[in-house]
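So that the names make sense, note that chain A is the first sequence line, chain B the second, and so on, each numbered from 1.
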There are 2 protein chains.
Amino acid sequence: MSRPTLRDVATRAGVSTAAASLALRDLAGVSASTRESVLEAAAELGYVVNVAARNLRRQRTGTIGIYLPPGVTLQWYYADVALGVTDAAGARGVAALILPQSGDPRAFVPYTDGIVTIDVSREDATARALLESGVPIVTGEAVPEELPRPTGVVFVDHYARAREVLAHLVGRGAARIGVLLPPDDTVWGAEVARAVREFGGAETQSVSVAFSPTSDEIRAACARLVDVDAIIAIPDGTATSVAGFLRAHDHEIGSDVLLASYTDTLADRLLDPPVTALDLRPRELGARLATHLLDVLDGSAANPHEEFDVEWHFRASTRGRLID
Amino acid sequence: MSRPTLRDVATRAGVSTAAASLALRDLAGVSASTRESVLEAAAELGYVVNVAARNLRRQRTGTIGIYLPPGVTLQWYYADVALGVTDAAGARGVAALILPQSGDPRAFVPYTDGIVTIDVSREDATARALLESGVPIVTGEAVPEELPRPTGVVFVDHYARAREVLAHLVGRGAARIGVLLPPDDTVWGAEVARAVREFGGAETQSVSVAFSPTSDEIRAACARLVDVDAIIAIPDGTATSVAGFLRAHDHEIGSDVLLASYTDTLADRLLDPPVTALDLRPRELGARLATHLLDVLDGSAANPHEEFDVEWHFRASTRGRLID
DNA sequence: TTGAAAGCGCTACCAA
DNA sequence: TTGGTAGCGCTTTCAA
């Protein structure tokens with residue numbers, strides 16, 4: 001025997017399918033007694049709604065898609081964003097699926113009512129295609145100028161955050177600050193780079209590294225910094241290798257050389273000494289992305305651009321020699 | 001105007017919807033000319049199949065669910081497993097969604113045709129409920145005895161792998177080996193613990209830590225190890241903090257004290273020196289889980305238990321003093 | 001090889 | 001507040 005249908009429930013409760021439908025969704029239009037008997041019948045039969053039928057009728061999929069930046073391996077930050085999306089959507093009865101990165105992700109767009117994505121790169125042809133396809137799409141961080149505008153944006157003020165940590169380092173005695181910058185093909189990467197460029201409070205030295213640099217690449221980048229007394233490691237996880245480099249060269253982290261991480265990643269939390277880092281709250285960001293998209297889909301469209309607050313956690317790695 | 005339907009395509013091509021349906025799915029039963037005109041009409045109209053309608057008709061959802069172990073934060077390993085599932089399922093035209101961890105994950109089971117999960121703990125009531133619910137479910141690693149049997153299992157021989165690294169360390173001169181063990185509420189955790197317990201080639205000292213230990217907890221655990229010359233860090237990411245502890249105590253990693261990580265995690269790869277680690281190939285494991293489940297759903301059921309091979313990558317952190 | 005048509009299970013409309 | 005019913009778009013069976 002197969003799964004019981006709404007008709008089965010209605011029959012058992014002695015009401016119409018229409019009434020049963022309303023009762024099960026806790027909507028108005030049925031008497032309390034009808035509702036009770038429907039619920040009872042449903043429980044007895046073990047009724048679960050047929051999602052496909054409901055979706056067909058409602059002309060939607062009940063699912064949103066998550067498009068993550070392509071890359072061999074998933075950074076912790078994005079994984080957490082994805083979980084945030086999943087939970088927030090789930091709380092509103094909507095499922096979230098991650099678009100496959102192999103093959104054409106667009107094949108799964110029809111499975112969804114809309115897409116959330118994050119850190120769109122101007123080099124990413126798939127992201128461009130998605131933006132051009134016209135599906136509702138909400139992005140974390142702004143989208144580079146040359147790409148079509150998304151439906152909504154949830155953004156962090158990276159210019160301000162980068163200035164903040166630069167000022168902090170100066171306050172702790174730094175005079176020559178090295179920065180390991182990611183590629184500037186994303187808006188946030190470009191904003192951080194601009195903040196460093198325009199900062200006048202100290203000498204800054206920028207070195208570009210990959211978005212997901214290897215340990216060797218990071219060490220090589222560190223070696224190119226000349227006589228710095230502070231380093232800001234921007235890409236996710238980079239601080240770990242920078243710390244290794246500094247120790248290998250007998251620098252005391254937090255006094256000889258200050259170290260700040262732009263991503264408060266799991267790896268950083270396991271470092272010693274604890275590293276000053278920007279808590280990007282990926283999970284909450286994911287939740288905001290999902291909520292924003294669902295609001296758009298519901299028509300209860302809010303502001304298309306909303307800012308997302310993040311803050312620095314100052315820890316021992318930037319204590320400095322001035323204060324003890 | 002809304003999205004074109006199959007009927008629109010058929011009308012335009014001058015054929016029946018039945019023929020159009022076959023042609024679009026590249027099935028037999030239509031002439032070459034019919035197929036061609038259908039494909040042309042579909043392209044012109046920009047036809048995309050209505051997933052909900054197809055699913056309703058086919059009596060399935062075209063989606064599988066991923067249930068990840070509950071926890072505050074996502075370990076890199078699980079994130080990669082999830083991506084592997086997503087890609088492998090996607091290649092077969094099936095979407096994969098992560099069951100929300102907040103709220104009742106079972107609410108989304110009706111959205112799926114089956115579930116994959118991993119590292120089932122005997123303490124996890126939700127996993128138990130899922131296993132009891134009767135949905136097809138394939139697990140990574142075996143399920144503890146006291147829980148219902150899953151439909152399929154893809155497992156690693158952790159007993160053998162743990163012995164392997166113990167023997168390796170002995171071969172590199174270790175005589176007193178400390179092991180940071182995870183809780184044994186999972187089968188794999190228990191298997192590793194058993195391998196350590198039964199190993200006779202050296203003195204072993206086990207210390208239990210949490211599944212996702214904090215840096216402080218790991219350091220405390222290290223401090224309890226007495227005069228060891230090698231440490232195996234089992235939980236994901238733990239090696240980072242162990243390395244920090246060792247350096248803080250002026251131990252040279254790879255000579256004074258050997259260090260092996262049981263999870264070849266991103267964080268470990270950024271460590272210095274490179275850490276000997278077990279490459280668990282999470283992505284491939286995820287792919288195998290998805291494939292296994294889809295085979296079950298197709299009825300082309302393979303072996304319910306299949307082994308998954310992983311191997312150690314021996315690196316500088318276990319070079320030892322013997323060889324130089 | 002072709003076309004007609006039933007019907008998957010649900011929601012929403014309409015009339016009572 | 002109730003019940004009857006149309007129909008979402010597709011796949012599949014059945015006859016031609």
Side-chain angles (χ1 to χ4, degrees), chain A residues 1-39 41-42 45-63 93-95 109-113 297-299, chain B residues 1-39 41-42 45-63 93-95 109-113 298:
Chain A
M1 96 193 177
S2 77
R3 266 165 50 175
T5 68
L6 186 63
R7 165 160 251 110
D8 298 330
V9 173
T11 304
R12 175 149 192 150
V15 300
S16 69
T17 58
S21 178
L22 293 174
L24 285 168
R25 286 177 293 154
D26 205 28
L27 297 178
V30 280
S31 63
S33 62
T34 297
R35 167 160 302 151
E36 193 181 334
S37 54
V38 168
L39 261 35
L45 294 173
Y47 172 77
V48 265
V49 69
N50 181 313
V51 175
R54 188 222 276 150
N55 288 340
L56 173 59
R57 179 60 230 231
R58 287 193 181 162
Q59 308 267 51
R60 44 178 208 58
T61 66
T63 301
V94 173
V109 171
Y111 286 63
T112 71
D113 297 321
L297 296 175
D298 284 356
Chain B
M1 91 189 179
S2 77
R3 264 166 52 175
T5 69
L6 186 63
R7 161 159 254 112
D8 298 330
V9 174
T11 304
R12 175 148 192 152
V15 300
S16 68
T17 57
S21 178
L22 293 173
L24 284 169
R25 285 176 294 155
D26 204 29
L27 297 178
V30 279
S31 64
S33 62
T34 298
R35 168 160 303 152
E36 195 181 333
S37 55
V38 168
L39 260 35
L45 296 173
Y47 172 76
V48 265
V49 67
N50 181 313
V51 176
R54 190 224 271 150
N55 288 339
L56 174 59
R57 180 59 230 228
R58 287 194 179 161
Q59 309 267 50
R60 43 179 208 57
T61 65
T63 300
V94 173
V109 171
Y111 285 63
T112 72
D113 298 322
D298 285 355

Trainee: Just by distance, no angles: are the side chains of B/R25 and B/S21 close enough, under 3.5 Å, to form a donor-acceptor pair?
Mentor: yes
Trainee: Using whole Å, what does the distance between atom P of nucleotide D/dA6 and atom CG of A/L56 come to?
Mentor: 17 Å
Trainee: I'd like to check B/L24 versus B/L39 (side-chain heavy atoms, cut-off strictly below 4.5 Å). Are they in contact?
Mentor: yes
Trainee: Mapping A/R7 and A/S31 onto DNA chain D by nearest heavy atom, which one lands closer to the 5' end?
Mentor: A/S31
Trainee: Using atom names, set out every protein N or O paired with an N or O of nucleotides 12-16 of chain D below 3.5 Å, distance rounded to 0.1 Å.
Mentor:
residue: D/dT12; atom: OP2; partner: B/R25; partner atom: NH1; Å: 3.2
residue: D/dT12; atom: O4'; partner: B/R57; partner atom: NH2; Å: 3.2

Trainee: Does B/T17 reach the main-chain N or O of B/A10 with its side chain, forming a donor-acceptor pair under 3.5 Å?
Mentor: no
Trainee: I'd like to know if A/D8 pairs up with A/R3 as an ion pair, taking the criterion as any Lys NZ or Arg NE/NH1/NH2 lying under 4.0 Å from an Asp or Glu carboxylate oxygen.
Mentor: no
Trainee: Just checking B/R7: does its CZ atom have more than 12 heavy atoms from other residues, nucleotides or ligands closer to it than 6.0 angstrom?
Mentor: no
Trainee: Closest approach of B/A95 and A/Y111, non-hydrogen atoms and distance?
Mentor: CB-CD2, 3.8 Å
Trainee: For A/A13, what residues pass the side chain to side chain contact (heavy atoms under 4.5 Å, CB included) criterion, not counting sequence neighbours?
Mentor: A/V15, A/S37, A/V38, A/A41
Trainee: For the backbone of A/L27 and the side chain of A/R35, can you confirm whether one donor and one acceptor N or O come within less than 3.5 Å of each other?
Mentor: yes
Trainee: Could you give the CD-to-C1' distance, from A/Q59 to D/dG7, as a whole number of Å?
Mentor: 10 Å
Trainee: Mind checking which nucleotides bracket the chain B contacts on DNA chain C, 5' to 3', with an atom under 4.0 Å from a heavy atom?
Mentor: C/dT1 to C/dG9
